[in-house]
Novice: 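Before we start, here is the structure in question, set down as structure tokens.
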Protein chains: 2
Amino acid sequence: MTDTDPAAWAALMRVHAALVPVLDQELQAAHNLPLTWYDVLLELYHAPGRRLTLGELGRVAVVSRSRVSRVVDELARAGLVTREANPQDRRSAYAALTEAGKRRFRTAAPTYLRGIEKHFTSRMTAREAATVASALGKVLAAREP
Amino acid sequence: MTDTDPAAWAALMRVHAALVPVLDQELQAAHNLPLTWYDVLLELYHAPGRRLTLGELGRVAVVSRSRVSRVVDELARAGLVTREANPQDRRSAYAALTEAGKRRFRTAAPTYLRGIEKHFTSRMTAREAATVASALGKVLAAREP
DNA sequence: CAAATGTAGGTGCGTGCGCACACACATTCC
DNA sequence: GGAATGTGTGTGCGCACGCACCTACATTTG
């Protein structure tokens, strides 16, 4: 049975390899924002109170938890986030978006979204995009526990 | 218009980040093969004459062309490929699978395919997998020229 | 309360990776 | 044929990244 066709996975690998550098460079050229920074800013932007602990960031963002530490350092040095203490747990530290961080993200987002549209979504039908999102979503859901 | 939904792209990024380390480690644990090596072996295995020039490898494999040089070195040191001269073009060099390389690839392939099935394909219907493959295939096709 | 265990975060270190360049050869143009 | 341009490979270098470990604090257990 199954005799699984790895074509979907192979295509995913290739698309990732092909598009990530392109989107990253577009983002850097237009806004001097590495994709990693954008990812972290995005997660913070959508978080309640515009802030998350580093552990939460590591779980939700694409970058690894150990990397989050350094990225948040860089973002703080650039004035886009601030580190805030957590009164509930003194081990923990929040990364919170600054006003400059929000502005920077809002400015950069259209570039990124246009890039995704141009290089990715526009190559398929809306139905296909929805299927891709839901199928991959199920793959992710299976990894939670 | 469009108001593109980046959900499909976001899911792709996450699935890649989540699965690549897992598949890589499974491959290394079972066969001491890094995913990069496997990728190169795979392309050579399916190439006419079981060999490709380094430039062709760089184009067809997921790894960058500059990386190919070193990976082929490592594979050659491990006895899985040999470098062959190209009489037609003395700049060029072939990487050719050895018998040991073919055996190693054939042995490792089931592990990799089972991993893809287990972590990826089994989470969606066959129809969805086909749609993912074809939609992503169109994205890749758009990047050829 | 003390000890033991668990969890959040930071960091030294090794490494995989791509860029930019260098070199050799091929090809084209005069 | 010789110069100029293009193409195929190799490589020094720097950087981003994750792992393993450490410290600080929290929580649980007796």
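So that the names make sense, note that chain A is the first sequence line, chain B the second, and so on, each numbered from 1. Side chains included, hydrogens not; waters and symmetry mates left out as well; all remaining heavy atoms used.
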Novice: Could you tell me the separation between the CG atom of A/L75 and the P atom of D/dA16, rounded to a whole number of Å?
Specialist: 13 Å
Novice: Cation-pi between A/R83 and A/Y94: NZ/CZ under 6.0 Å from ring centre and within 45° of the ring axis?
Specialist: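 Ring-cation test returns no.
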Novice: Whole angstrom is fine here: how far is it from CZ in A/R70 over to C1' in D/dC17?
Specialist: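 Checked: the CZ to C1' distance equals 8 Å.
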Novice: Which pair of non-hydrogen atoms, one from A/P34 and one from A/Q28, has the smallest distance, and what is that distance?
Specialist: CA-NE2, 3.8 Å
Novice: Which nucleotide of DNA chain C is the first, and which the last, in the 5' to 3' direction, to come under 4.0 Å of a heavy atom belonging to chain A?
Specialist: C/dG6 to C/dC13
Novice: Of all heavy-atom pairs between B/V68 and B/L54, which one has the smallest distance, and what is that distance?
Specialist: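 Between these two residues, the closest heavy atoms are CG1-O, 4.0 Å.
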Novice: Taking the minimum atom-to-atom distance to the side chain of B/D89, which one of D/dA16, D/dG8, D/dG10 wins?
Specialist: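 Side chain of B/D89 sits closest to D/dG8.
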Novice: Which residues within residues 47-65 of chain B lie with some heavy atom under 4.0 Å of an atom in DNA chain D?
Specialist: B/T53, B/L54, B/G55, B/R65
Novice: Using atom CG of B/N86 as one end and atom P of D/dT9 as the other, report the distance to the nearest whole Å.
Specialist: 8 Å
Novice: Could you tell me how far apart A/D73 (CG) and D/dC17 (P) are, to the nearest whole angstrom?
Specialist: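 These atoms are roughly 14 Å apart.
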Novice: Which class fits the ring pair A/F105 and A/Y45: parallel under 30°, tilted 30 to 60°, perpendicular over 60°?
Specialist: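 Geometry flag for A/Y45 against A/F105: tilted rings.
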Novice: In whole Å, what is the span from the CG atom of A/D39 to the C1' atom of D/dC17?
Specialist: 14 Å
Novice: Quick check on DNA chain C: between A/S66 and B/V71, whose nearest nucleotide comes earlier from the 5' end?
Specialist: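 Its nearest nucleotide lies further toward 5', so the answer is A/S66.
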Novice: Are any of the side-chain nitrogens in B/K138 or A/E128 under 4.0 Å away from the carboxylate oxygens of its partner?
Specialist: yes
Novice: What integer distance in Å separates B/M13:CE from D/dC17:P?
Specialist: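 In whole Å, D/dC17 P lies 11 Å from B/M13 CE.
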Novice: Take atom CD of B/Q25 and atom P of D/dC19, then tell me their distance rounded to the nearest Å.
Specialist: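 In whole Å, D/dC19 P lies 7 Å from B/Q25 CD.
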Novice: Just the rounded figure in Å: distance from P of D/dT23 to CZ of A/R90.
Specialist: 18 Å
Novice: Regarding B/S69, tell me which of base, sugar-phosphate or nothing describes its non-hydrogen contacts under 4.0 Å with the strands shown.
Specialist: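 Result for B/S69 = base.
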Novice: Please give me the minimum heavy-atom distance between B/N32 and B/R104, naming the atom from each residue.
Specialist: O-NH2, 3.5 Å
Novice: Using the side chain to side chain donor-acceptor pair (under 3.5 Å) criterion, which residues pair with B/K102? Sequence neighbours excluded.
Specialist: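 Partners of B/K102 under the side chain to side chain donor-acceptor pair (under 3.5 Å) test: B/E99.
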Novice: Ignoring hydrogens and angles, are the base of D/dT7 and the side chain of B/R91 linked by a donor-acceptor pair under 3.5 Å?
Specialist: yes
Novice: Run the salt-bridge test on A/R50 and A/E84 with the 4.0 Å N-O cut-off and return the result as yes or no.
Specialist: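 So A/R50 does not pair with A/E84 through a salt bridge.
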Novice: Classify the ring geometry between B/W9 and A/F120 as parallel (under 30°), tilted (30 to 60°) or perpendicular (over 60°).
Specialist: perpendicular
